[in-house]
Amino acid sequence: MIERPLSQIASAVRGTLRGPDAVASTVQTDSRAVAPGALFVAIEGERADGHAFVEDAFARGAVAALVHRPGVEGTVIEVPATGRALLDLAADERDRMIGARVVAITGSNGKTSAKDLAAAVVGTRLRTHASPASFNNEVGLPMTLLGAEPRVEVVVAEMGARREADVRLLCDVARPDAVVVTNVGMAHLGIFGSWDTIVRAGAEPVEWLGADGTAIVNVDDPVARAYAEDTEADVITFGLDTGADVRAEDVELGPDARAAFTLSSAGEREPVELAVPGEHMVSNALAAAAVGRWAGVTLAECATALKGAGVTRWRMETFTGASGIVVVNDAYNANPESMAAALKSARWMAKAKGGRLVAVLGHMAELGPVSFEEHERLGELVVRIGVERLITVGDQARTIARAAIREGQLPEDVASYEEPSQAAADVRAWARRGDVVLAKGSRVAGLERVAEALR
Ligand SMILES: Nc1ncnc2c1ncn2[C@@H]1O[C@H](COP(=O)(O)OP(=O)(O)O)[C@@H](O)[C@H]1O
Ligand SMILES: [Mg+2]
């Protein structure tokens, strides 16, 4: 954040400063991250209320707390709602980022990965700040903007949506110069309510641009392609499609499922080999290269950056466990498209290593009306892909196991457990050196615990 007095912050958030004026140099919502000079913003979340940590924040040197509950001791800025105030403060910060450009990364799958890769690409040439981890909501997005260094040139901001108008609101705050749409899929269908709503919500970032800015869209995705055809903004397309502005040719997967391809744009061609496994990472890498082109990075620089770039943990995080079992921890979240992508990559890895594939799967949350059907389809996919052992974790994932057995998986090659620890014990007893274990499910299913137990 650009340092500023509390009195200025109070006016930016239309709040009242109670106590002496002082300079705040950072903003934190987690009191444990507070260092001297921080403004602590007390956010009321689903699990905890930040107002309970104000005292802790002061003990760690916070200059003030932004609060909406009365009666807090110490220097405070009082507002009607701290969540709204945090957005207003970030919008104000954005106004002060003279000369900085913001690119918003949106879509159903691959946002965090594309964000990480794009930051690596753009960072080769420009002072770049990216959303930490998966900071993409009405708290994470303002914290992304407020976390930037004063002299930042490009902010790569992830934006997530679970409801209509979510991304529109985040765009009003971040005012992106460019927006990326990675793809449009079934993620959070249960909360969105219908496919039509997802398609409408997915269009919001491109619509937000109006006739200005640049829409960077995946033309391999029919829905995203339609957004690009509809907009008056500049468009950069990416994909395998031969008409894409930034495309991949001759994609090949190595034995560890890392993709190698020729990155091609405007008549130039550069070889790329990704550091992250998964064929689906090609699309994310192309999104990153397209962002790079938009930011003025050469194609050769994009290729070099992509070769060395990693992504946030629990996305296709692959390691060999103590007993020689290859573990793929893709347990950050799951929906039908990302399940299919991870299963295909893991299948490839096992085949290349001459090992067998174990899929340890939790349920896919927030699918609403299509949930049962999609879990059944996943069970069928497991059989078609040829998984040697299927293990499900949790009650809701049993549908996957039942569908797999109905589709022809031998019952002795299927097991269902309640606890990740039981699944890990099953894998330990069954798997041998060279076998590949994929651990994946929605965040709440905690499948990363299976992966960690096998380390
Ligand atoms: N382009 C893609 N298509 C399908 N699945 C993907 C894609 N990119 C990533 N995934 C998978 O989706 C999950 C989430 O990836 P992540 O990059 O965190 O996306 P997001 O931030 O949109 O949730 C991971 O399991 C990852 O393997
Ligand atoms: Mg994310």
Side-chain angles (χ1 to χ4, degrees), residues 104-120 130-137 139-141 143-144 156-162 166-167 170 179-188 198 201-202 205 216-224 238-240 248 251 257-259 274 276-290 309-318 328-349 359-366 378 381 438-445 447-448 451:
I105 312 284
T106 75
S108 299
N109 280 305
K111 293 181 295 298
T112 298
S113 306
K115 177 266 296 176
D116 291 336
L117 298 174
S131 305
S134 204
F135 278 33
N136 71 12
N137 62 11
V139 176
L141 183 272
M143 288 305 286
T144 297
V156 184
E158 179 173 338
M159 292 186 182
R162 296 163 84 231
D166 279 356
V167 166
L170 300 179
V179 302
V180 173
V181 182
T182 59
N183 49 57
V184 181
M186 259 183 279
H188 314 303
I198 289 183
I216 301 175
V217 294
N218 177 3
V219 277
D220 296 338
D221 184 298
V223 179
F238 66 89
L240 300 178
V251 179
R258 292 190 296 130
L274 297 180
V276 198
E279 191 171 3
H280 51 293
M281 287 293 169
V282 174
S283 177
N284 302 335
L286 292 175
V311 299
T312 305
R313 70 180 183 153
W314 300 353
R315 276 87 177 169
M316 297 301 287
E317 187 181 323
T318 305
V328 182
N329 179 354
D330 200 43
Y332 186 76
N333 60 23
N335 54 51
E337 292 89 4
S338 73
M339 277 285 194
L343 276 168
K344 278 188 225 164
S345 301
R347 172 72 276 171
W348 176 271
M349 262 185 232
V360 188
L361 305 180
H363 73 287
M364 304 176 286
E366 297 187 347
L378 177 56
L381 178 66
L438 169 70
K440 187 167 177 69
S442 273
R443 194 77 287 284
V444 282
L447 269 290
E448 75 284 353

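The chain is numbered in sequence order, starting from 1. One-based numbering, in listed order, for ligands and for the atoms of each. What you see below is based on every heavy atom in this structure, not just the backbone, and it leaves out hydrogens, waters and symmetry mates.
The shortest non-hydrogen separation linking His188 to Ala161 is CD2-O, 3.4 Å. In terms of heavy-atom proximity, Ala130 sits nearest to Thr144 at C-CG2, 4.2 Å. The two residues Val360 and Leu447 come nearest to each other via the heavy atoms O-CD1, 3.6 Å.
Using a 4.0 Å cut-off to heavy atoms of Ser338, the atoms of ligand 1 that qualify are 5 (N), 11 (C), 12 (O), 13 (C). Every atom of ligand 1 is numbered from 1 in the order shown, and the set under 4.0 Å from a heavy atom of Ser108 is 22 (O). Distances below 4.0 Å separate heavy atoms of Arg315 from the following atoms of ligand 1: 15 (O), 16 (P), 18 (O). Numbered from 1 in the order shown, with element, the atoms of ligand 1 that lie under 4.0 Å from a heavy atom of Lys440 read 24 (C), 25 (O). In summary, the atoms of ligand 1 found under 4.0 Å from a heavy atom of Met316, numbered by their order in the structure, are 27 (O). Close approach of ligand 1 to Asp330 (heavy-atom distance below 4.0 Å) involves ligand atoms 24 (C), 25 (O), 26 (C), 27 (O). For ligand 1, the atoms sitting less than 4.0 Å from at least one non-hydrogen atom of Ser113 are 16 (P), 17 (O), numbered in the order shown with element in parentheses.
At under 3.5 Å, not a single nitrogen or oxygen of Glu337, backbone or side chain, sits near a nitrogen or oxygen of ligand 1. Looking at ligand 1, you won't find any N or O of Ser283 less than 3.5 Å from one of its N or O atoms. Not a single N or O atom of Ala114, backbone or side chain, sits closer than 3.5 Å to an N or O atom of ligand 1.
Ligand 1 is never approached by Ala187 to a heavy-atom distance shorter than 4.0 Å. Residue contact annotation: Asn284 has a non-hydrogen atom under 4.0 Å from ligand 1. No heavy atom of Lys115 sits closer than 4.0 Å to any atom of ligand 1.
By heavy-atom distance, the residue among Asn109, Ile105, Asp220 lying nearest atom 4 (C) of ligand 1 is Asn109. Comparing heavy-atom distances from atom 6 (C) of ligand 1 across Lys344, Glu158, Met281, His280 singles out His280 as nearest.
Between the Asp221 side chain and the Val184 main chain, a donor and an acceptor come within less than 3.5 Å of each other. Looking at Arg258, its side chain never comes within 3.5 Å of a backbone N or O of Val276 through a donor-acceptor pair. In this structure, Thr112 contributes its side chain and Ser134 its backbone to no donor-acceptor pair below 3.5 Å.
Side chains of Ser108 and Thr182 form no contact here, defined as non-hydrogen atoms less than 4.5 Å apart. Between Val156 and Ile105 the shortest side-chain heavy-atom distance falls below 4.5 Å.
Contact annotation for Asn183 and ligand 1: only side-chain heavy atoms (C-beta onward) come within less than 4.0 Å of the ligand.
Rounding to the nearest 10°, we obtain 90° for the angle at the Mg ion (ligand 2) between Glu158 OE2 and Thr112 OG1.
For Glu337, the CD atom counts as densely surrounded, since its 6.0 Å shell holds more than 12 non-hydrogen atoms of other residues, nucleotides or ligands.
Here the CG atom belonging to Asn333 is positioned 6.5 Å from the OG atom belonging to Ser442, to the nearest 0.5 angstrom.
For atom 19 (O) of ligand 1, the closest non-hydrogen atom of the protein is Gly110 N, 2.9 Å. At the top of the distance list for atom 23 (O) of ligand 1, counting protein heavy atoms only, stands Asn333 ND2, 3.1 Å.
Under 4.0 Å is where a charged nitrogen must lie from a carboxylate oxygen, and between Glu448 and Arg313 no such pair does.
Here Thr312 fails the criterion, with no N, O or S atom under 2.8 Å of the Mg ion (ligand 2). Among the backbone and side-chain atoms of Tyr332, none of the N, O or S atoms lies under 2.8 Å from the Mg ion (ligand 2).
With respect to Asn136, the side-chain hydrogen bond (donor to acceptor under 3.5 Å, both in side chains) criterion is satisfied by exactly one of Glu158, Lys111, Lys115: Glu158.
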